[in-house]
Amino acid sequence: AIVLALATVFTFSATAFAAPSGRINKAQAKQIALDHAGFTENEVRFTKAKLDFDDGIFEYDIEFFVGRVEYDYTIAAADKIGRASCRERV
């Protein structure tokens, strides 16, 4: 099997998707990932969507598949900075 990988870093407006606590929630994190990838929730199969605490930072780990392509997003809950990768299994 050949695995192709693509990684990007992106940011969102500080006011976009603002939650009362100043953090985004899981549904908002999922929507950010979907928007960045260009899909709707009906087009993907989510395999992970959870809040992690890593290196002193709350971040959402969002993973989903579209066909044989896996999308993996890490989105900081407080500042909405995201890191994304896309791997296609051929």
key: Ala33 to Phe64 - nearest heavy-atom pair and separation   = CB-CE2, 4.0 Å

inquiry  = Under the criterion side-chain contact (heavy atoms from CB on, under 4.5 Å), I'd like the reasoning laid out for Leu34 against Phe46: C-alpha separation, chi angles, the key distance, then a yes or no.
reply    = CA-CA 10 Å; Leu34 289 171; Phe46 280 100; 4.0 Å; yes

remark   = With sequence neighbours left out, the residues meeting side chain to side chain donor-acceptor pair (under 3.5 Å) with Glu41 are none

query = Distance from Glu63 atom CD to Arg45 atom CZ, nearest 0.5 Å?
reply = 11.0 Å

inquiry  = Centre-to-centre under 6.0 Å for Phe39 and Tyr71, is that the case here?
reply    = yes

Lys30 side, atom NZ; Asp35 side, atom CG - distance, nearest 0.5 Å = 13.0 Å

task = Under the side-chain contact (heavy atoms from CB on, under 4.5 Å) rule, what do Phe65 and Thr47 come out as? Steps first, then yes or no, please.
result = CA-CA 7 Å; Phe65 279 85; Thr47 55; 3.7 Å; yes

Please report, to 0.1 Å, the donor-acceptor pairs under 3.5 Å made by any side chain of residues 51-62, with sequence neighbours excluded.
| unit_1 | atom_1 | unit_2 | atom_2 | d |
| --- | --- | --- | --- | --- |
| Glu59 | OE1 | Arg83 | NH2 | 3.4 |
| Tyr60 | OH | Ile24 | O | 2.9 |
| Tyr60 | OH | Lys26 | N | 3.3 |
| Asp61 | OD2 | Lys48 | NZ | 3.2 |

